[in-house]
Structures are given as structure tokens and as C-alpha cells.
Amino acid sequence: MTLSSVPLVRCIQEEFRLKEDQPHADPPRKAGEPLYLFPHQIRILEHVFTPDAEGKLPYSTFIYSAIKKSGKTEIASAVAYAFARVYGGEIYSIANDEEAARNRMFTRISETLEVIKNEDEGAFEAIIHPDHHKRLERNRRIRFQANDQPNIPPHLIQYIPVDYRGEAGGMPALTIWDELWAYASESGERLWSEMQPIPTLAVSMRMVVTYAGYYGESNLLYSIYEAVVNPDPQTDEPLGEKVPGLEDLPCYQRGTYFVYWDCEPRMPWHTDEFMAAAKDDPTLKGREGEYRRLWQNRWSSGAEPFLDIQLIDRLMEEGSQMGLERNWLRYQA
């Protein structure tokens with residue numbers, strides 16, 4: 001395995017541990033071994049987390065959006081862990097409710113630390129502050145040992161639900177937002193504003209892992225998507241500025257915003273058979289919009305049409321070939 005020269009990415013490759021076997025890695029890996037990052041993931045993470053000559057990162061907001069079963073939560077967890085190790089500061093896992101905020105990211109970091117602790121007590125003590133050596137699974141936050149980064153507040157990862165009132169005045173170095181499409185309430189939008197990157201910190205940014213959402217409901221996410229990905233109003237194809245060096249990937253940038261918005265089944269387990277089974281899922285029968293949202297990462301109206309648009313197009317084409325086009329005119333009078 002070739003290790004990255006970017007400190008945060010290299011930390012993931014060396015330290016963040018697998019909960020389960022990773023048979024699609026090259027070579028395959030067992031639970032407890034370091035996470036294998038796929039080539040496109042490495043390229044994206046290296047671009048986003050490569051600091052400039054002054055140690056600043058290029059983006060304030062990083063959107064990582066891909067179809068279902070693309071490892072979004074795993075990537076978010078790994079980034080949070082490595083960020084704590086490389087940069088430190090206050091790191092927040094944010095989701096719609098407290099259980100989701102804990103289980104989707106925070107728990108994975110705790111599992112990684114438990115593996116390290118069982119494997120090498122000395123390495124564990126070098127990572128975790130002495131106050132948090134015990135009962136990691138019961139804590140609401142994990143406190144890391146200090147590093148040499150200047151102007152950084154206490155190094156800790158904690159999880160919070162969408163409750164902006166409880167977090168006013170925070171100094172987040174990194175916030176990770178899970179499924180931003182679901183933040184449709186005023187509380188969610190206010191928390192987003194309250195927890196924005198802090199310009200006085202040496203490093204401060206926010207990361208979002210999410211599917212597409214619903215038109216007219218997921219306004220916070222759509223405002224970013226519309227501004228950066230810039231979908232064509234007629235075809236919905238992206239017209240946004242592609243990221244230099246990542247032109248072969250669906251990566252777009254605008255100012256300090258970076259958006260990776262993937263609609264393709266890119267992971268090695270996204271085989272034709274796997275995708276066919278997903279489409280045949282009985283729970284999605286009659287809910288084509290939801291299938292497209294989850295498995296094609298396309299925006300949905302949230303309401304299913306009486307007739308599928310592809311069926312309408314096919315019937316219109318067949319009618320035209322049969323000479324039925326505009327025959328309704330004869331009945332006017």
C-alpha cells in the first residue's frame with residue numbers, strides 16, 4: 001500500500017481501524033486492520049485536506065454525496081478521527097437526533113480506539129487524554145491528547161443533535177453533518193449558521209455526508225447544490241465549475257465550497273446484480289422517486305407521479321409512429 005503524503009489522509013491509512021472485513025480492499029483486509037481507501041476517495045480527500053504554505057485548508061465546506069452503500073459514514077468517521085489527531089480542536093458529529101449523531105459516526109471512532117487499546121496500550125495512551133481512558137462507549141465526548149498545533153482549543157470529538165440553542169458560542173474546528181437533506185426545520189438552519197467555520201482558528205471547516213433530498217423541503221442542502229453543482233434547469237445535468245485535477249470525477253467548486261456529488265455506482269460491490277436487487281426491493285415498489293434519490297443520488301419531488309415519465313415518453317413515441325399524433329384536432333368543433 002502506498003501511503004499518502006497528506007497528513008490527514010495518511011493518518012486514516014495508518015490508524016483508522018475496520019469494524020468488519022473489507023474483502024474488496026487491495027489486498028483484502030480483516031476487521032481490526034487499517035481502513036483501505038479506494039483510489040477516488042484518496043484523490044478527493046487529498047485535494048480537500050492538502051494545506052497551503054501557511055497550513056490553511058482550501059475549503060470551508062466539503063460536501064461528500066454519493067449513492068447508498070458508498071461508505072459515506074465510514075469516510076466521515078475516518079476524517080473526524082484523523083482531524084482530531086492531525087489538527088485537534090472541537091469536533092462535532094451532528095445529526096437529526098442524538099441517537100443518530102452517536103451511532104453513525106461517534107460509535108465508529110470509539111470502536112477504532114477500542115481496537116487500538118486492545119492491540120497496543122501504549123499507542124492508545126499516546127492518543128487519548130488520561131481523563132477518557134475508560135468507558136469510551138459511555139462518554140458523550142472523546143478527549144484527545146494535545147498536539148503542537150497553535151491557536152487550537154481543547155482536542156475533543158462530541159456528538160450533538162440539532163439543537164442550536166445548546167451550542168451557541170462554540171469554537172468548532174470541524175463539524176460533520178449527517179444527511180443534511182433532512183435538516184428541514186428552522187432549528188437545523190440556525191444550527192448550520194451557528195456552527196459555521198471560525199476564521200480565527202488555524203483550521204476550521206465543515207463536512208457534510210448526505211444523499212440528495214426533496215425539492216421544496218431540503219432547502220439548506222439544495223441551496224448549496226444549486227450554487228455549486230449548478231444543475232441545468234431543463235436537464236438537471238451539472239454545469240458547475242469542475243475541480244482541476246479531478247475532472248473525471250463529479251467534483252465541483254465555488255469559492256471555498258467543494259462538492260463531490262456522485263450519481264454513479266462507483267464502489268466495487270455496486271455490481272450489476274447488486275444494483276438490480278436494489279431496484280427490485282419490494283419496499284421501493286411504486287416509489288421510483290425514492291429509488292432514484294437513494295440509488296442514483298437524484299433529487300426527488302417527494303410525490304410519485306401517476307405515470308412514470310419514461311412510460312409517457314415511450315407511449316408518446318409509439319403513438320407518433322402509429323399516426324395518432326394530433327388526431328384530437330378532429331374532435332374540436
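For the numbers below, each heavy atom of this structure counts, side chains included, while hydrogens, waters and symmetry mates do not.
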Please report the interatomic distance [atom1]([X]) to [atom2]([Y]), rounded to the nearest 0.5 Å.
X	Y	atom1	atom2	result
Ile44	Phe38	CD1	CZ	13.0 Å
Trp295	Lys69	CH2	NZ	7.0 Å
Trp177	Ser93	CH2	OG	11.0 Å
Leu37	Ile42	CG	CD1	5.0 Å
Gln22	Arg29	CD	CZ	6.5 Å
Ile91	Gln158	CD1	CD	10.0 Å

Judged by atom type as modelled, is there a donor-acceptor pair below 3.5 Å linking the side chain of [X] to the main-chain atoms of [Y]?
X	Y	value
Gln41	Ile75	no
Glu226	Ser223	no
Asp21	Ala31	yes
Gln145	Glu125	yes
Arg293	Ala212	yes
Asp120	Ile116	no

Minimum heavy-atom distance [X]-[Y], with the two atoms named:
X	Y	result
Pro197	Ser204	CA-OG, 3.3 Å
Val48	Met205	CG1-CE, 4.0 Å
Ile12	Ala82	CG1-CB, 3.6 Å
Val209	Lys72	CG1-O, 3.7 Å
Thr210	Ser65	O-OG, 2.8 Å

Geometric class of the [Y]/[X] ring pair [parallel <30°, tilted 30-60°, perpendicular >60°]:
X	Y	value
Tyr222	Trp299	perpendicular
Phe274	His270	tilted
Phe62	Tyr64	perpendicular
Tyr225	Trp261	tilted

Legend entry - Cluster overlap Val228 with Leu239, hydrophobic side-chain contacts below 4.5 Å: no
Would you say that [X] contacts [Y] through its side chain, given a criterion of any heavy-atom pair below 4.5 Å between the two side chains?
X	Y	result
Arg85	Ile127	yes
Leu45	Val6	no
Ile67	Pro265	yes
Pro34	Gln13	no

Can you find a side-chain donor-acceptor pair between [X] and [Y] that sits under 3.5 Å?
X	Y	answer
Tyr81	Arg108	no
Arg10	Ser4	no
Gln296	Tyr211	no

Legend entry - From CA spacing to verdict: side chain to side chain contact (heavy atoms under 4.5 Å, CB included), Arg17, Glu111: CA-CA 8 Å; Arg17 304 307 177 87; Glu111 290 167 347; over 6 Å; no
Inset, instruction - Could you pull out all residues at least two apart from Phe144 that satisfy ring-ring contact (aromatic ring centres under 6.0 Å, His included)? - result: none
Inset, instruction - Determine which pairs satisfy salt bridge (Lys or Arg N to Asp or Glu O under 4.0 Å) with at least one residue from residues 231-255, sequence neighbours left out, and list them in order. - result: Arg43-Asp248
Inset, instruction - Could you list all the salt bridge (Lys or Arg N to Asp or Glu O under 4.0 Å) pairs where at least one residue sits in residues 51-60, not counting sequence neighbours? - result: none
